[in-house]
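As structure tokens, the structure follows; a few thoughts come after it.
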Amino acid sequence: MMNALERRSTFALSSIFALRMLGLFMIIPVFSVAGQQYAGATPALIGLAVGIYGLTQAILQIPFSLIADRYSRKPLVVFGLLLFALGGAIAAMSDTIYGVIIGRAIAGGGAVSAVVMALLADVTREEQRTKAMAMMGMSIGLSFVIAFSLGPWLTGLVGISGLFWVTTFMGLAAISMLLLVPKVTRHHKNFQQGYLTQLKQVLKMGDLNRLHVSVFSLHLLLTAMFIYVPSQLIESAHIPLHSHGFVYLPLLVISLFFAFPSIILAEKYRKMRGIFLTAIGGIILGLGILIFGFQSKYILITGLGLFFIAFNVMEALLPSWLSKAAPIQSKATAMGVNASSQFLGAFFGGMIGGQLLLLNNTAMGWGILTVLAVIWLLISFGLAQPRYLSSMVFSLPNDQQTDEWTSQLLAIRGIEEVVVMSDQQVAYVKVDKQQMDESARQHLTHLLGKEVAI
């Protein structure tokens, strides 16, 4: 069960994600129409104004994450959120489409998604991380649905420039949530590497690359689906555009009742690989149903429901698995590559979704997306079960220096990382139980001054 510190940190970091995503997503359903009011606006430039945020995010995730593996993560998150808020303000004050493009590019420059996830991994124990990541994934999904419902309504109240000011406010509000997250100091036994060497090490790991392909595919399919499905909800289900949020929100809530048991099963019984592959199968099944039943309101919603369930399971499992598979000293770097893959997936999903609309053959469109999901499944079969570490919580010693104490801990065979939270006077010690022998257990007992059950 998550302790109070983990619950508080998970709430705060999930809120940061949700506030950023809410500000981002509210623009998407309205800008293609509202953006025409700007001087110099053309369809191509309006598209660039929407898409350039994802492009700068994809480019800058890796530099931010490389730095985050060497220095404190919280100041980087603050810097990224300030860029996000600044970009929103520039877009809000712009009269031309070029000003909006510049503002969106600056907002995207705050590419700290991977840093936030790495910080969440720092402040949660291994056994509780999937739950924490699940809550973060749910906050993203919920912000998506709320944004698509609120965006058109808010634009009617405050206009498109007012909507950009709302994104600025959300960026600044997100900074305040960091006050709930403890200050952490990370200690591990791996030597310091050069930035390029560190990135090469991450890119050479086969399972990490399969996880990058997975997040790319997941967000490609999600984005393509949200471009492709609204017209079908209007034409086949006779649900007007302003009411689509009332379709997505119940499906999202229902999916949670299926997703959370799957996540607990994956972590508690160490069935992560099986649940992961089953979730991809669920996405394939949901898309397959849409090939043949998109003209029926209830079959269309059933297919979407299956997709949502599988999507939420994947959103929780992917970052948790990534944090297990990544080298301890390169955790944020691996998450940065993963986040870049996510934004590139969304970018290509938008392109593919637009092309599918031109097909005039809905069944073929869903068939193409299903084939892409099948290819993803075939690639994912190469994944090995992740390594499972355990986390132990110890009070910091009063009679010796913390650095000396952590060095002694890291010298014990099987101890991988020590995360110190000095304000709370506790440390999370990450242990590979399979590596610990009797000598290591005795050494740990002697160091702590008490018997430790491992």
Side-chain angles (χ1 to χ4, degrees), residues 12-28 30-31 34-35 37-41 45-68 71-119 139-140 143 147 150-151 154-155 157-181 332 336 339-340 342-343 346-347:
L13 293 170
S14 296
S15 298
I16 289 172
F17 242 105
L19 286 167
R20 285 176 69 244
M21 293 300 182
L22 196 60
L24 167 65
F25 290 147
M26 282 195 300
I27 303 295
I28 295 174
V30 300
F31 198 74
Q37 72 186 43
Y38 289 98
L45 290 175
I46 288 172
L48 180 61
V50 172
I52 198 167
Y53 178 94
L55 185 60
T56 51
Q57 281 275 319
I59 292 169
L60 293 175
Q61 287 289 339
I62 294 174
F64 264 98
S65 59
L66 283 167
I67 296 169
Y71 303 103
S72 178
R73 310 205 206 270
K74 285 177 74 172
L76 277 174
V77 175
V78 172
F79 179 65
L81 291 172
L82 286 174
L83 281 178
F84 178 80
L86 175 63
I90 290 172
M93 293 185 290
S94 297
D95 296 320
T96 70
I97 192 67
Y98 300 103
V100 175
I101 291 170
I102 292 169
R104 294 278 292 170
I106 291 172
V112 291
S113 298
V115 185
V116 172
M117 284 193 173
L119 183 55
S139 73
I140 296 170
S143 66
L150 278 182
L154 273 176
T155 304
L157 286 179
V158 299
I160 190 66
S161 63
L163 201 58
F164 282 122
W165 281 121
V166 171
T167 68
T168 294
F169 171 77
M170 287 180 174
L172 296 175
I175 294 175
S176 67
M177 300 304 297
L178 280 172
L179 296 173
L180 299 176
V181 181
S340 291
Q342 172 186 330
F343 282 104
F347 174 73

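Quick note: residue numbers are just sequence positions, from 1. Just so you know, these numbers come straight off a predicted model, no measurement behind them.
Separating the CD1 atom in Ile62 from the CD1 atom in Ile67 is a distance of 12.5 Å, to the nearest 0.5 Å. Atom-to-atom distance recorded for Thr167:OG1 and Met26:CE is 7.0 Å, nearest 0.5 angstrom. Between the CG atom of Leu178 and the CG atom of Leu13 there is a distance of 7.0 Å, given to the nearest 0.5 Å. Between the CG atom of Leu19 and the CG atom of Leu172 there is a distance of 10.5 Å, given to the nearest 0.5 Å. To the nearest 0.5 Å, the span separating CD1 on Ile101 from CD1 on Ile106 amounts to 12.5 Å. Met170 CE to Ser15 OG: the interatomic distance, rounded to the nearest 0.5 Å, is 12.0 Å.
Contact check for Leu45 versus Tyr98: side-chain heavy atoms found under the 4.5 Å cut-off. Between Leu76 and Phe64, the closest side-chain pair of non-hydrogen atoms falls below 4.5 Å.
Contact detail for Thr168 and Gly88: the closest heavy-atom pair is OG1-C, 3.1 Å. The two residues Phe84 and Arg20 make their nearest non-hydrogen contact at CZ-O, 3.6 Å. Between Val100 and Ala49, the closest heavy-atom pair is CG1-CB, 4.2 Å. Closest non-hydrogen pair, Ala114 versus Gln61, comes out as N-OE1, 3.4 Å.
At distances below 3.5 Å, not a single donor-acceptor pair connects side-chain atoms of Arg73 with backbone N or O atoms of Val115. Of the possible donor and acceptor atoms, none in the side chain of Ser72 sits under 3.5 Å from a partner among the backbone N and O of Pro75. Checking side-chain atoms of Lys74 against main-chain N and O of Val181 turns up a donor-acceptor pair under 3.5 Å.
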Might you work through the side chain to side chain contact (heavy atoms under 4.5 Å, CB included) test for Arg104 and Phe164, ending with a clear yes or no?
CA-CA 10 Å; Arg104 294 278 292 170; Phe164 282 122; 4.0 Å; yes

Take Ile160 and Tyr38 through the test side chain to side chain contact (heavy atoms under 4.5 Å, CB included) and record every step on the way to the result.
CA-CA 10 Å; Ile160 190 66; Tyr38 289 98; 3.3 Å; yes

Under the criterion side chain to side chain contact (heavy atoms under 4.5 Å, CB included), I'd like the reasoning laid out for Trp165 against Val158: C-alpha separation, chi angles, the key distance, then a yes or no.
CA-CA 9 Å; Trp165 281 121; Val158 299; over 6 Å; no

Output, in order, the C-alpha distance, side-chain angles, deciding distance and verdict of side chain to side chain contact (heavy atoms under 4.5 Å, CB included) for Gln57 and Ser113.
CA-CA 9 Å; Gln57 281 275 319; Ser113 298; 3.9 Å; yes

